[in-house]
Amino acid sequence: MNNILEIEELRTHFDTEDGIVKAVDGINLRVREGETVCIVGESGCGKSITALSVMRLLEQDAVNVSGSVRFGDTDILSLTKPQLRSLRGNDIAMIFQEPMSSLNPVLPIGQQIMEPLMDHLKLGKKKARQKAIELISQVGISRPEQIANSYPHELSGGMLQRIMIAIAISCNPKLLIADEPTTALDVTIQAQILDMLRQIKEQSNMSILLITHDLGVVAEMADYVVVMYSGKIVEEGEVVELFERPKHPYTQGLLRSKPIVGQRQAELYSIPGQVPNPLMLKESCYFHDRCEHCMSVCTSSEPFLKQVGERQKAACWLYEEVLTHV
Ligand code: SF4
């Protein structure tokens, strides 16, 4: 399988009055054709900033993005604004947690779906309208003509997210970046939306980069999982390998905090402590304050990702041979 997205040494640093916040700090990541890669971690770990950096949606004076983001042969970080607009519409689409913030409240839904069709696929008004109605129906909404004439405030959160997916897939993108797309929805609607995304992916061989804090969503959707902590990747691997044999103590903690269907648990585990202050990070394993396996080396040296399984890597001193000599 070819890689559709290749991220090398991506760094997104914010200049703040109190110092530099390294929100994403040197991550490498690949998404293969037709594969769903989930980035998981607590809030503030850098997963959303990664997605926004890939789409170049963070271009402000105080933000420094460096490294390389390749989509096929295209280096996204060096595209001009018009090239970027074309890539965003045609090849890569993005959906966010809050559909209402991406939709125009004073424009009918149908018109908002028609816009990318006319803009990027150069469809005429009549064909775009027809296609918009087909897309509304494809994302599982009945009475599509009527919905096309509705305004965003007239639809439920679940319907709006379906509309966002309709807009996202309208130009047949090769990659969909979805940032917590179901977090604001109730569990039944969440399951329906994830199911629909899976079906669309299978029909079109689209790749998905899915950002979530929810391991249930990861289990449902992922082929490959990337676990982030304090701006770094601490573990990655194929979903089965990572769920069955998590190596990094942080991943192990995340999995222990997840309720298990059919098992009575007196109290749900939660990882002790807090994510460290991004302005106070020093050379160490950033998880050391919260880790029950912490050793002296962990407090003074940063561990790097090492192969610990077939496609699995972990950044933890527990898996460094060098420790046998320490
Ligand atoms: Fe824990 Fe040390 Fe591994 Fe960090 S490097 S996760 S502190 S054992």
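Atoms within each ligand, like the ligands themselves, are counted from 1 in listed order. Please read all numbers here as calculations on a predicted model, not as lab measurements. In what follows, residues are counted from 1 in the order of the sequence shown.
- Not one N, O or S atom of C291 sits under 2.8 Å from atom 2 (Fe) of ligand 1.
- Nearest to atom 2 (Fe) of ligand 1 among the protein's heavy atoms is C298 SG, 2.3 Å.
- Residue, atom and distance of the protein heavy atom nearest to atom 4 (Fe) of ligand 1 are C285 SG, 2.3 Å.
- In terms of protein heavy-atom proximity, atom 5 (S) of ligand 1 is closest to W317 N, 3.2 Å.
- The shortest distance between side-chain heavy atoms of F71 and D73 does not fall below 4.5 Å.
- Residue H248 has at least one heavy-atom neighbour below 4.0 Å for each of these atoms of ligand 1: 6 (S).
- Using a 4.5 Å heavy-atom cutoff, the side chains of M100 and H153 are in contact.
- C316 lies close to atom 3 (Fe) of ligand 1, since one of its N, O or S atoms is found at a distance under 2.8 Å.
- At least one side-chain heavy atom of L197 sits under 4.5 Å from a side-chain heavy atom of L176.
- Considering only heavy atoms from C-beta on, P181 comes within 4.5 Å of L210 through its side chain.
- Under a 4.0 Å N-O distance rule, the pair E8/R30 qualifies as a salt bridge.
- Residue H288 approaches ligand 1 through these ligand atoms, each under 4.0 Å from one of its heavy atoms: 7 (S).
- Look at K306 and E320 and you find a salt bridge, because one of the NZ, NE, NH1 or NH2 atoms lies within 4.0 Å of a carboxylate O, short of that distance.
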